[in-house]
Peer 1: 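The structure follows.
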Amino acid sequence: MRRVRRQKLAELRELGYDPFPYSYPVTHHSSALQGLEDDQFPAEVHIAGRVVSLRRMGKASFAHLQDHQGRQQIYVKRDILGDDIYRDLFGRVDLGDFLGVQGRVFRTRTGEITVEVARMELLAKSLRPLPGVKEKDGTAFDPFEDKEQRYRRRYLDLIANPDVKQVFVRRAQVIRHLRELLDSEGFIEVETPVLQPVYGGASARPFKTYHNTLDQTLYLRIADELYLKRLIIGGFDKVYEIAKNFRNEGMDKSHNPEFTALEFYWAYADYNQAMDFTESLLRSVAESSGGTRLKFQGQELDLAVPFARHSYFEILNKYADKDLSRLDSAGQLNSFAAGRGISLEKDLNYGQALNKLFDLLVEPHLVQPTFIVDYPKALSPLAKTHRSGNADLVERFELFMAGMEFANAFSELNDPLDQRERLEAQAQLRAAGDEEAQPVDEDFLEAQEYGMPPMAGVGIGVDRLVMLLTGQDSIKDVILFPAMRPQQP
RNA sequence: GACUCGGUAGCUCAGCUGGUAGAGCAGUGGCCUUUUAAGCCAUUGGCCGCGGGUUCGAAUCCCGCCCGAGUCACCA
């Protein structure tokens with residue numbers, strides 16, 4: 001099949017047609033003609049697109065050209081186009097080729113608005129056959145649905161499955177709306193390093209790389225946090241970044257090794273203000289993207305309803321049916337878990353064991369938007385100790401919806417001596433085998449010693465937000481090129 | 001990482017308890033000047049994911065591996 005198309009390509013060149021010209025003066029996109037009344041038809045149009053259907057009937061033919069907005073039917077009649085071009089050029093057009101056509105607009109017997117082609121140019125020859133692009137009334141026949149091929153060759157997925165393109169259009173709208181809201185609140189968008197000598201700001205294993213000239217090991221960022229805080233130290237009062245983070249961990253329906261996070265930092269605010277702002281931010285994004293009532297993974301949720309707020313131990317104790325805040329060692333948590341028939345992995349430290357219990361006992365219940373507040377300090381080395389005086393708690397919230405975490409935020413710790421102790425405790429956990437504990441970032445500690453104002457910081461998982469708003473069950477369906485193992489040669 | 005399911009033509013899929021690969025669409029040739037999954041006639045096309053084994057004979061049975069999906073485990 002590829003040989004046949006190469007042959008056509010060669011023949012076209014011999015006949016003097018350029019199969020790969022430089023440009024085409026498009027005047028109308030496919031959607032511009034849809035829904036027009038007959039007396040509104042433009043006198044003449046130039047349209048361009050990929051041939052996705054082709055019905056030849058001897059001396060006349062119909063085809064559809066697909067552009068970024070949809071499909072437009074064209075009518076190609078030999079007596080209008082001319083014998084030579086109809087035979088030599090149009091006769092060698094295949095599904096998948098790009099055409100530019102010029103002509104008048106009319107309505108066919110069956111009512112479809114159609115361009116009658118007076119002039120035709122081949123804009124690009126296609127050498128490989130497309131997967132199933134046949135469709136009627138939006139239903140594809142032999143639809144291209146092999147997930148592996150769709151992810152590996154997303155361009156074919158986008159050509160053959162218009163709904164997929166729509167998801168990514170909405171993704172762009174969601175991100176644009178987040179920017180607009182933050183900009184309008186006076187946040188400044190910044191860019192911070194992807195390549196970092198010391199990674200931090202989250203609990204995760206990093207990707208490691210190497211800079212030849214600097215002769216230095218560098219890590220791909222797992223979070224923007226510590227750089228954005230440096231900017232608040234430097235005098236920006238409100239900053240945000242929408243950026244890729246990289247975590248060297250497993251992949252599943254809600255995890256991709258590189259993912260997009262929004263982080264924003266707000267000087268002089270605390271986590272209560274950040275919580276209110278986060279709630280209104282998400283509600284507003286939902287309103288601008290199809291409404292606050294969402295169906296997601298078989299569950300229905302409504303972001304218009306005020307988000308529930310529960311403290312960490314309040315809700316953990318409820319589902320554990322026991323006051324877990326009184327257990328203060330990994331051993332005690334392990335005994336508790338064993339009593340409930342839950343087997344925790346061996347060698348978990350206190351924080352890991354507690355975190356694990358929360359994930360197992362509580363998270364699945366958090367379907368409607370719920371803020372969990374006031375986390376144990378052991379889980380939150382960058383968050384400020386709770387103002388209530390309880391030295392074991394920090395001012396932190398996480399937002400859960402549909403059993404998944406969407407946001408994480410603190411009243412940020414700004415006491416440099418406290419911060420040093422917490423990071424050093426993390427370093428000890430690392431030394432004890434916790435691969436996700438954070439290393440000490442001396443440069444950051446030094447920056448903090450110059451004085452860091454009180455502030456709130458929030459991180460939001462953008463991919464997950466898009467999943468929620470577009471009803472996609474897998475993160476792979478909101479990332480254009482999700483991570484895949486290399487294909488066998 | 002564990003388990004389950006899957007990988008056959010460009011796409012969607014058949015192929016039963018082993019006998020040497022099939023359909024529709026796409027492609028190619030022919031007919032057809034308002035069709036729309038156009039139609040009619042003819043026809044090309046396959047390391048049956050990879051490697052090994054059993055067998056006279058393997059797409060089919062057995063073992064190993066690769067890739068994907070789902071579930072679980074870990075993380076956002």
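In what follows, chains are A, B, ... by sequence order, proteins preceding strands, each numbered from 1.
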Peer 1: Determine the interatomic distance between P on B/G24 and the same-named atom on B/G39; round to the nearest Å.
Peer 2: 12 Å

Peer 1: Just checking A/N245: base, sugar-phosphate only, or nothing, at a heavy-atom cut-off of under 4.0 Å?
Peer 2: nothing

Peer 1: Just name whichever nucleotide pairs with B/U33, Watson-Crick or G-U, keeping both distances under 3.5 Å, else none.
Peer 2: none

Peer 1: Under 4.0 Å between a side-chain N or O of A/R128 and OP1 or OP2 of B/G10?
Peer 2: no

Peer 1: Work out how far the C1' atom of B/C56 is from that of B/G10, and round it to whole angstrom.
Peer 2: 37 Å

Peer 1: When both hydrogen-bonding distances must be under 3.5 Å and the geometry is Watson-Crick or G-U wobble, what is B/G6 paired with, if anything?
Peer 2: B/C67

Peer 1: Got a sec, which pairs hit side chain to side chain donor-acceptor pair (under 3.5 Å) with one end in residues 466-475 of chain A, sequence neighbours left out?
Peer 2: none

Peer 1: Determine the Euclidean distance between corresponding P atoms of B/C5 and B/C63; express it in Å to zero decimal places.
Peer 2: 13 Å

Peer 1: Nearest heavy atom decides the nucleotide; on that basis, is A/D359 or A/K476 closer to the 5' end of RNA chain B?
Peer 2: A/K476

Peer 1: Taking any heavy-atom pair under 4.0 Å as a contact, classify A/M484: base, sugar-phosphate, or nothing.
Peer 2: sugar-phosphate

Peer 1: Tell which nucleotide pairs with B/G18, taking only Watson-Crick or G-U wobble pairs whose two distances are both under 3.5 angstrom.
Peer 2: none

Peer 1: What string of B, S and - do you get for nucleotides 28-35 of chain B 5' to 3' if you count protein non-hydrogen atoms under 4.0 Å?
Peer 2: S---BBBB

Peer 1: Under the rule for side-chain contact (heavy atoms from CB on, under 4.5 Å), what residues qualify as partners of A/H68, not counting sequence neighbours?
Peer 2: A/H29, A/K165

Peer 1: Distance check, P atoms only: B/C40 and B/U8, in whole angstrom units.
Peer 2: 28 Å

Peer 1: Give the rounded distance in Å between these two atoms: CD of A/Q149 and P of B/G7.
Peer 2: 14 Å

Peer 1: Take the protein atom CG of A/D252 and the nucleotide atom P of B/C72, then report the distance between them rounded to whole Å.
Peer 2: 10 Å

Peer 1: For B/G57, which nucleotide is its Watson-Crick or G-U wobble mate, given both distances must be under 3.5 Å?
Peer 2: none

Peer 1: Rounded to the Å, how far apart are A/L130 CG and B/A37 C1'?
Peer 2: 16 Å

Peer 1: In whole Å, measure the gap between the C1' atoms of B/A58 and B/C48 for me.
Peer 2: 11 Å

Peer 1: Rounded off to whole Å, could you give me the CZ-to-P distance for the A/F481 and B/G68 pair?
Peer 2: 17 Å

Peer 1: Hey, is the main chain of A/D163 close enough, under 3.5 Å, to the side chain of A/N161 for a donor-acceptor pair?
Peer 2: no

Peer 1: Which base sits across from B/G27 as a Watson-Crick or G-U pair, both distances under 3.5 Å?
Peer 2: B/U43

Peer 1: Figure out the CG/C1' separation between A/D97 and B/A26, and round it to whole Å.
Peer 2: 14 Å

Peer 1: Measure from CD1 on A/I475 to C1' on B/A69 and round the result to the nearest Å.
Peer 2: 16 Å

Peer 1: Considering only the C1' atoms, how many Å lie between B/U54 and B/U60, rounded to the nearest integer?
Peer 2: 13 Å

Peer 1: Counting only Watson-Crick pairs (N1-N3 plus N6-O4 or O6-N4) and G-U wobbles (N1-O2, O6-N3), all under 3.5 Å, who is the partner of B/C48?
Peer 2: none

Peer 1: Who pairs with A/F41 by ring-ring contact (aromatic ring centres under 6.0 Å, His included), at least two apart in sequence or on another chain?
Peer 2: none

Peer 1: Counting any heavy atom closer than 4.0 Å, what does A/S61 reach on the DNA or RNA strands: base, sugar-phosphate only, or nothing?
Peer 2: nothing

Peer 1: I'd like to know whether the aromatic ring centres of A/F481 and A/Y151 sit less than 6.0 Å apart in this structure.
Peer 2: no

Peer 1: With sequence neighbours left out, write down each residue that passes side-chain contact (heavy atoms from CB on, under 4.5 Å) with A/L182, or none if nothing qualifies.
Peer 2: A/F187, A/Y240, A/L262, A/F264, A/F277

Peer 1: Would you classify A/N256 as touching base, sugar-phosphate or nothing, given that sugar-phosphate means primed atoms plus P, OP1 and OP2, and contacts are heavy atoms under 4.0 Å?
Peer 2: base

Peer 1: Find out whether the Lys NZ or Arg CZ of A/R56 is both under 6.0 angstrom from the six-membered ring centre of A/F90 and within 45° of the ring's axis.
Peer 2: yes

Peer 1: A/L127 CG to B/G10 C1': how many Å, rounded?
Peer 2: 14 Å

Peer 1: Please report the shortest heavy-atom distance between A/Y86 and A/G58, naming the atom on each side.
Peer 2: OH-O, 2.9 Å

Peer 1: How far does the C1' atom of B/A37 sit from the matching atom of B/U44, given to the nearest Å?
Peer 2: 22 Å

Peer 1: Within the structure shown, what part of the strands sits under 4.0 Å from A/F144 by heavy-atom distance: base, sugar-phosphate, or nothing?
Peer 2: sugar-phosphate

Peer 1: Using the ring-ring contact (aromatic ring centres under 6.0 Å, His included) criterion, which residues pair with A/Y319? Sequence neighbours excluded.
Peer 2: A/H365

Peer 1: Taking B/C3 as the reference, what is the distance to B/G57 when you measure between their C1' atoms (whole Å, please)?
Peer 2: 35 Å

Peer 1: Starting at atom NZ of A/K147, determine the distance to atom P of B/A69, rounded to an integer number of angstrom.
Peer 2: 8 Å

